[in-house]
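What you see is a predicted model; the values in this text were computed from it and never measured.
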Amino acid sequence: MSNEKSPKLKKWRANYAATVTALACLYSVVVSWGDNWFLTVILALGVLVCGTIGIFDIKRTLNENTKGN
C-alpha cells in the first residue's frame, strides 16, 4: 500500500516543490518586512528564483501531459 503512494509523492514533489518553497519564502518576506532588511532581501530573492523554477516546472509538466494525450 505504501508503494502506491510513494511514486505519487515523488511526482508531486518533482512538480511543485519549488512553488511551495517560493510561497514559504513569500510568507517569510511578508512577516519579516522591515525588521531585518538583509533577511528580507535574501528571502525576496528566494521568492524570485524558486518562483521562476516552479513556474517552469509546472509549464514543463503541462506540456508533457498534453503531448502524452
Side-chain angles (χ1 to χ4, degrees):
M1 182 123 156
S2 64
N3 291 337
E4 294 177 11
K5 291 184 180 181
S6 180
K8 288 182 183 180
L9 179 62
K10 287 181 183 178
K11 184 178 177 182
W12 185 89
R13 194 178 295 162
N15 294 334
Y16 302 109
T19 306
V20 171
T21 305
L23 291 174
C25 285
L26 181 62
Y27 174 76
S28 297
V29 166
V30 171
V31 169
S32 70
W33 189 264
D35 293 337
N36 184 350
W37 285 105
F38 181 73
L39 179 63
T40 303
V41 169
I42 294 296
L43 290 171
L45 290 173
V47 170
L48 291 173
V49 171
C50 291
T52 303
I53 293 169
I55 288 170
F56 284 119
D57 283 347
I58 291 171
K59 281 185 176 181
R60 180 181 43 86
T61 302
L62 292 175
N63 286 338
E64 288 174 1
N65 287 341
T66 56
K67 288 180 183 178
N69 291 332

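- A pairwise comparison of heavy atoms in T52 and L48 identifies OG1-O, 2.6 Å as the closest pair.
- Residues V20 and W12 meet the side-chain proximity criterion, which asks for heavy atoms closer than 4.5 Å.
- T40 contributes atom OG1, which lies 11.0 Å from atom CG of L45 (distance to the nearest 0.5 angstrom).
- The cluster map of Ile, Leu, Val, Met, Phe, Trp and Tyr, joined by side-chain heavy atoms under 4.5 Å apart, puts L23 and I58 in different clusters.
- Smallest separation of non-hydrogen atoms from T21 and C50: CG2-SG, 3.9 Å.
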Listed pairs under 3.5 Å, donor-acceptor, residues 25-38 side chains, sequence neighbours left out:
{"unit_1": "S28", "atom_1": "OG", "unit_2": "A24", "atom_2": "O", "d": "3.1"}
{"unit_1": "S32", "atom_1": "OG", "unit_2": "S28", "atom_2": "O", "d": "2.9"}
{"unit_1": "N36", "atom_1": "OD1", "unit_2": "F38", "atom_2": "N", "d": "3.3"}

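- Residues forming a side chain to side chain donor-acceptor pair (under 3.5 Å) with T61 (at least two apart in sequence, or on another chain): N15.
- Proximity of Y16 to D57: side-chain heavy atoms (C-beta onward) are nowhere separated by under 4.5 Å.
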